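A quick write-up on the structure given underneath.
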Amino acid sequence: MSSIILEGRNICKKFGDIEVLKNISFEIQNGELISIIGRSGCGKTTLLRCINCLEIIDSGYLRVGEIVMERNINGNNKNDELKEKAQKIRRKVGLLFQSLNLFPHLTVLENIILAPIKVKKESRDVAVGKALELLEKVGLKGLENRYPFQLSGGQSQRVAIARSLAMNPEIMLYDEPTSALDPELIGEVLKVMIDLHKEGMTQVVVTHAMNFAKSASDKVIYMEDGEIIEFGTPEKIFNNPNDPRTEAYVRLFKE
Amino acid sequence: MSSIILEGRNICKKFGDIEVLKNISFEIQNGELISIIGRSGCGKTTLLRCINCLEIIDSGYLRVGEIVMERNINGNNKNDELKEKAQKIRRKVGLLFQSLNLFPHLTVLENIILAPIKVKKESRDVAVGKALELLEKVGLKGLENRYPFQLSGGQSQRVAIARSLAMNPEIMLYDEPTSALDPELIGEVLKVMIDLHKEGMTQVVVTHAMNFAKSASDKVIYMEDGEIIEFGTPEKIFNNPNDPRTEAYVRLFKE
Amino acid sequence: MKIKFIFLVAFILLPQFFLISGEQKVLRWAADAESNAPYIFQDPKIPSNIIGFEVDIVYAISEILNMQTLFVQNQWDGLIPGLYRGDYDIAINGLEITEDRKKEVSFTKPYYITHEQLVVLKGVENINSLSDVVGKKVGALKNSLAERILRAKGGIEVLTYEGEVNAFVDMKNGRLDAVLVDAPIAIYYTAVNPEYVMVGQPIGEISYGIALRKEDTLLLNKLNYALETLQKSGKLREILEEWNLWNFMMETYLDDFSPSNVPPKKYQYFIESVSKKSELIERIDLYIKFMPVFFKAALITLGLSLVAMLVAIVAGLLIALARIYGGKVLSFLAVLYIEIIRGTPLLIQLYIIFYALPSVGVKLSPFLAAVLGLGLNYAAYEAEVYRSGFFAIPRGQMEAAISLGMTKFQAIWYVILPQAIRIVIPPVTNDFISLLKDSSLVSVITMIELTKVYNQIASTYYDYLGTGIITAVLYLLLGLPFIRIARYFEHRLAVERKSTQDYLGKVV
Amino acid sequence: MKIKFIFLVAFILLPQFFLISGEQKVLRWAADAESNAPYIFQDPKIPSNIIGFEVDIVYAISEILNMQTLFVQNQWDGLIPGLYRGDYDIAINGLEITEDRKKEVSFTKPYYITHEQLVVLKGVENINSLSDVVGKKVGALKNSLAERILRAKGGIEVLTYEGEVNAFVDMKNGRLDAVLVDAPIAIYYTAVNPEYVMVGQPIGEISYGIALRKEDTLLLNKLNYALETLQKSGKLREILEEWNLWNFMMETYLDDFSPSNVPPKKYQYFIESVSKKSELIERIDLYIKFMPVFFKAALITLGLSLVAMLVAIVAGLLIALARIYGGKVLSFLAVLYIEIIRGTPLLIQLYIIFYALPSVGVKLSPFLAAVLGLGLNYAAYEAEVYRSGFFAIPRGQMEAAISLGMTKFQAIWYVILPQAIRIVIPPVTNDFISLLKDSSLVSVITMIELTKVYNQIASTYYDYLGTGIITAVLYLLLGLPFIRIARYFEHRLAVERKSTQDYLGKVV
Ligand SMILES: Nc1ncnc2c1ncn2[C@@H]1O[C@H](COP(=O)(O)OP(=O)(O)OP(=O)(O)O)[C@@H](O)[C@H]1O
Ligand SMILES: Nc1ncnc2c1ncn2[C@@H]1O[C@H](COP(=O)(O)OP(=O)(O)OP(=O)(O)O)[C@@H](O)[C@H]1O
Ligand SMILES: [Mg+2]
Ligand SMILES: [Mg+2]
């Protein structure tokens with residue numbers, strides 16, 4: 001349980017001239033639940049997208065399980081190789097999008113079972129059974145035949161969560177999984193994550209719910225302006241941060 | 001300051017067989033800041049959309065300022081009349097969407113000034129001046145030339161807020177205006193709303209931020225399952241609700 | 001306008017008759033019953049009867065020779081070749097006796113001699129002779145004596161037509177100053193179309209004779225004997241007078257200058273019968289007879305188009321995928337294919353497939369060549385349409401799919417394509433309808449489809465408007481089911497109603 | 001394959017020459033220099049020289065008559081009319097002396113007599129006479145003696161061609177069993193194309209004579225005198241022998257059965273010069289000469305298409321807006337327009353606009369009729385394309401716009417349309433390219449555009465492949481700038497990069 005399953009070293013990512021990730025390095029142990037906090041626009045979403053290889057890092061080293069993706073600044077990496085690795089990584093890592101991206105032409109149930117059937121080659125029955133279970137877990141029993149346009153914001157968010165979990169990824173990345181939820185549901189969804197944590201899944205959560213970061217996660221990453229300012233246990237980050245910037249930020253929520 | 005600017009009586013709305021709003025009635029005074037709270041899927045978004053006439057009520061009475069939209073269940077209202085009224089109402093009422101709906105082909109600045117120039121016939125200079133002011137208010141100074149795809153979730157949300165406010169509506173409706181924001185920014189955006197409140201704008205906010213509902217709003221609406229369960233001052237709703245259902249819900253957050 | 005007919009039934013039943021006939025007692029005579037009045041034409045009042053001054057002459061001859069007659073319908077162009085095919089024994093249908101034709105067939109002595117006649121629009125004053133049209137535009141039938149005369153005159157802009165009706169209509173539209181045609185045509189056409197008038201003196205001389213096989217000298221003698229008898233008895237003159245065709249040339253030819261005494265009753269009958277009303281009925285009658293031919297051609301067009309569209313849709317998808325999803329080489333090839341195929345005319349592609357491929361050993365049937373030509377051509381267009389559809393799908397969809405572990409291909413197949421289909425239905429429907437109509441081009445590779453049949457019938461019957469409308473309606477009908485199906489799918493696929501579509505249609 | 005040429009320059013400079021000439025001392029002779037070897041053709045090695053056995057005959061005649069010669073280029077079809085227009089005094093170009101022609105012009109005595117010749121593919125054994133081709137397919141030139149002979153024979157499926165090259169190629173492609181042509185053509189064609197062989201006995205008889213105006217009796221006498229002199233002196237025989245054309249018919253005609261003594265050096269020269277290489281050079285030379293004509297036609301096609309597309313884009317937008325945004329009536333009318341216009345052939349629409357509208361008083365110029373016909377036709381297609389583009393935009397966009405107080409029209413104009421444009425660029429580009437090619441249809445309303453010019457040149461020079469490629473390339477080039485512009489806009493408008501497009505192109 002203490003092997004490093006996810007590792008980044010000096011990861012950089014630019015969009016045009018805008019440096020969005022600057023020399024990001026981290027190590028995440030198998031089975032840990034990590035929270036990423038930080039101001040809007042500091043690069044949290046981009047980091048998740050890079051880990052899931054939806055964006056290819058400009059330079060640096062990224063390891064997911066045994067798969068290593070490495071690029072130099074003036075690197076002459078082969079596209080084909082990158083592509084292949086990206087695909088392998090994505091198969092291990094699930095990502096809940098901030099913008100959800102449900103498939104509008106499929107019902108809730110079909111949204112959830114599509115990938116298990118086509119990618120994991122599960123039988124339809126098995127996939128449906130699991131999907132219904134997941135829907136119940138996130139409080140959406142009975143909505144399986146609705147289309148996405150018939151869902152409220154919070155319902156959509158929960159469907160998206162169920163869709164990601166249905167793939168049983170080794171590592172799950174969540175981008176603000178509770179943003180559209182009311183406090184009651186937030187509790188429920190966080191409970192799902194805590195359960196998964198107990199089952200040993202590695203999870204990385206971008207969140208604004210400081211209470212959750214503080215109480216549920218093993219470690220917390222604080223980002224500012226494309227950099228990881230501090231990476232440590234919640235107690236450390238929230239109560240005794242090393243960096244004055246971290247301190248300034250977390251103080252906002254104590255008041 | 002005590003005239004009723006927004007009034008609903010027995011408003012009903014169905015989607016197919018699903019009754020989403022059931023006999024909704026309310027009265028909102030000019031200049032009030034109203035919070036709507038309730039579980040995911042209870043009909044909050046739909047209510048806002050009905051007030052803004054993006055959905056036409058199936059039956060009931062809706063008055064916005066002096067404009068009245070009334071429909072009977074087997075009403076034989078003329079479409080043209082409804083259309084015309086809907087348009088008039090929309091010109092008074094601004095709506096911040098849960099899904100934001102920024103215009104992807106326009107820059108941040110253009111997103112904000114389009115409607116003032118085309119609808120209110122403001123001069124470009126005036127519109128730009130006001131837009132830059134608003135951007136500064138929501139903490140996005142310097143991003144005016146970005147396109148929506150270049151924004152983070154929180155940045156997009158703030159642009160959408162600025163776009164709605166730029167139209168200087170008489171009544172402003174917000175659907176979860178702070179969902180993608182971190183606590184720091186939530187504070188800033190709420191401050192904008194409190195400022196507007198001081199300036200006398202009528203505002204209706206769907207929110208999960210109970211603290212905001214409790215502290216900043218004049219009245220709170222608690223909805224459940226398409227109905228308004230209780231409508232009253234924050235003290236009443238949060239501390240001394242009439243209805244056991246309200247009590248059950250607000251208790252969740254006290255703990 | 002004149003009335004034109006077709007004896008399809010006679011034409012189809014033809015072979016049977018030969019088996020029965022063959023006796024010397026039967027005079028099998030051929031003509032094209034679509035020739036106009038006064039030659040041989042359908043009785044305007046009793047469409048099943050064919051009448052005309054040449055019919056009367058044939059009957060008069062057969063009476064003298066004591067033979068029965070059997071009418072054989074044949075295309076005018078084919079009248080002389082048909083003689084040698086043995087389908088019939090004589091041909092009579094305004095056949096001018098020329099040296100050229102005499103090389104191929106024998107001609108009897110002339111049964112009618114006439115001239116070319118200038119026709120102008122009523123009210124035109126300055127045209128009264130051939131010299132008056134020098135420097136002007138004059139219409140004539142293709143390869144007619146009229147054309148030869150006009151060209152020999154020099155300085156006249158000669159426009160030739162397949163049918164006289166076109167020439168007359170073009171004159172009405174102001175594109176011609178005069179028309180030069182055989183006098184009988186001029187007499188009958190101007191009689192029922194009073195906006196035209198005959199002007200000037202007779203021009204040139206034409207003799208019509210009965211054509212027969214060179215070896216049938218016995219029959220030739222018989223016919224000449226019969227004609228002479230008719231001439232002497234005054235019967236020929238009577239027939240011509242009944243048809244209002246007796247003229248000074250016949251007077252000289254028969255040396256008979258006595259005053260006319262027979263009223264032109266058949267001419268009168270024709271003029272009277274050709275009222276607008278009966279014309280319409282005739283026409284409808286005619287169109288009903290065309291219907292089987294049209295339907296068959298329409299079916300060919302439809303079948304061809306459906307198969308070709310299938311090819312286009314499948315090949316287009318592959319090309320679009322190659323362009324977007326393939327590597328550099330594949331994608332380059334796809335672009336190349338699209339630009340070259342779209343960039344060059346379908347006609348030339350069809351020519352190459354049908355006429356040039358055989359030289360490298362690939363000899364396709366017309367149908368296969370047509371399907372491949374149309375299908376592969378439209379595939380290039382469909383590929384671009386798909387591309388537009390794919391790119392209309394928000395990027396998040398693709399990201400969501402591949403972040404669920406799908407391959408790019410799976411993502412396209414299960415997520416992008418089903419959403420894109422709805423967007424591309426209108427342009428694909430457009431293209432199917434275009435293809436339906438472009439299928440008319442395959443007539444260059446010997447396929448007989450709807451437009452070809454239209455051209456055949458319209459130019460044969462000089463009836464561009466009526467048959468044109470029928471053809472247009474048929475194309476419309478062929479396209480409609482597909483449009484309906486497309487609309488049905490468009491709505492069915494509109495489950496993701498978060499599109500502008502339904503919103504735009506709503507009350508708001 | 002033979003070599004064909006055009007003397008456009010000569011043709012254009014022609015009028016000037018007349019002003020200079022006019023003296024009796026000049027023999028103005030006309031021919032079509034695109035006729036093939038051995039008649040009159042361009043020297044394969046020195047393209048500016050025209051050579052041929054008829055050229056030699058003219059020169060020999062002029063020498064005897066002590067006249068200078070002036071060559072006048074004219075289309076073969078126009079050779080005889082041109083005589084009477086006074087452009088030249090004699091025409092010599094394989095003109096068969098027929099009764100028909102004798103009505104219009106005088107002919108000298110024959111300068112060459114020859115026959116029709118069967119040609120088959122090398123290795124075909126069972127065809128050795130006309131009887132052997134009964135029941136088979138035989139090609140001949142249109143309206144030639146060969147055609148008449150084949151038809152008169154009966155039982156032969158006769159296919160006629162504008163040019164002999166087509167007939168030969170079709171035979172190679174297996175669609176003909178034999179070809180029947182004038183012997184000189186057969187001799188020269190088979191000599192340079194060894195896959196064809198002449199078989200069987202001579203068939204029929206043709207005499208070529210020099211044609212001149214009927215009134216020029218003095219000149220006729222002079223020419224006949226000159227021809228007689230050439231015959232007697234043996235010069236005619238010498239010329240024909242040099243060209244390998246001396247035959248048994250000429251022996252009988254000239255009563256000269258002595259053995260041949262002149263080597264066929266001009267024939268040899270031709271055979272040797274016509275190597276693939278020089279042929280290519282000639283061809284390119286020829287194509288360069290065509291270029292101005294092609295370019296002019298291409299410009300007309302382009303101009304027409306651009307204006308028509310503009311009409312289509314604007315009218316299409318209005319129709320789409322009417323369909324989506326208009327009330328019930330407008331929307332119904334829009335659907336009606338779309339279905340009727342898409343559903344019926346463009347050709348028929350053009351016919352109606354050009355030929356039928358004048359009868360209700362609307363007489364459009366060909367260009368205007370073409371632009372309106374094409375533009376309004378394509379408008380129906382564009383309307384559907386826009387609709388597809390509009391509906392691809394997520395509903396939230398429309399909602400956001402109208403909730404900001406915009407009218408529906410403003411929302412469409414400022415929010416929906418700008419996003420839809422990018423989606424519709426590929427299908428609109430498709431349609432522009434289709435329109436470019438459909439513009440070829442306007443030749444039916446007398447517009448001379450690219451395809452018309454192709455047809456004219458290709459059928460005149462029997463060069464379907466070469467000119468076809470030029471035409472295809474021109475269409476391609478006409479479309480390319482638009483495709484480039486479209487791609488540029490596609491990228492420029494792709495600011496909202498959250499589409500699948502760029503994503504699909506990315507490394508991932
Ligand atoms: N395609 C892009 N081009 C340019 N800049 C971009 C692009 N995508 C994101 N950015 C910028 O990069 C920065 C980081 O964006 P990111 O979405 O990672 O932020 P975030 O931490 O997720 O913020 P939020 O909490 O608001 O979602 C932001 O300033 C954003 O404006
Ligand atoms: N077009 C539709 N067709 C059918 N049902 C719909 C439709 N739109 C919304 N609903 C249903 O109506 C109910 C109310 O939806 P609404 O979006 O108003 O909820 P909400 O209170 O805003 O929830 P949330 O907090 O999750 O955004 C939900 O149960 C939703 O599933
Ligand atoms: Mg984010
Ligand atoms: Mg909602």
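Owing to the predicted nature of the structure, the values given are computational and were not obtained by experimental measurement. Naming: A, B, ... by sequence-line order, numbering from 1 per chain. Atoms considered below: every heavy atom in the structure, side chains included; atoms not considered: hydrogens, waters and symmetry mates.
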For the residue pair C:Glu384 and D:Asn430, confirm or rule out a side-chain donor-acceptor distance under 3.5 Å. no
Which bit of C:Ile341 comes within less than 4.5 Å of chain D, counting heavy atoms only: side chain, backbone, both or neither? backbone
List for me each residue that meets salt bridge (Lys or Arg N to Asp or Glu O under 4.0 Å) alongside D:Glu205, sequence neighbours excluded, and say none if there are none. none
When you compare the side chains of D:Tyr378 and D:Asp438, does any donor N or O come within less than 3.5 Å of an acceptor on the partner? yes
Ranking D:Ala420, D:Gly479, D:Gly389, D:Ser388 by heavy-atom pairs under 4.5 Å to chain C gives rank one to D:Ser388
Qualifying residues under side chain to side chain donor-acceptor pair (under 3.5 Å), relative to D:Tyr386, sequence neighbours excluded: none
Most contact-rich option vs chain C, by heavy-atom pairs under 4.5 angstrom, among D:Ile340, D:Ile338, D:Ile433, is D:Ile433
With salt bridge (Lys or Arg N to Asp or Glu O under 4.0 Å) as the test, would you mind laying out the steps for C:Glu99 and D:Arg148 before giving the verdict? CA-CA 13 Å; C:Glu99 291 302 321; D:Arg148 295 199 298 276; over 6 Å; no
Can a salt bridge be assigned to the pair C:Glu382 and C:Arg342 using a cut-off of 4.0 Å between side-chain N and carboxylate O? no
Is C:Ser331 in contact with chain D via its backbone, its side chain, both, or neither, using a 4.5 Å heavy-atom distance? neither
At a 4.5 Å cut-off on heavy atoms, which part of D:Arg101 comes close to chain C: side chain, backbone, both, or neither? neither
Chain D heavy atoms under 4.5 Å from C:Lys103: which part of the residue, side chain, backbone, both or neither? side chain
Closest-packed option against chain D by number of heavy-atom pairs under 4.5 Å, given C:Thr98, C:Ile423, C:Ile149: C:Ile423
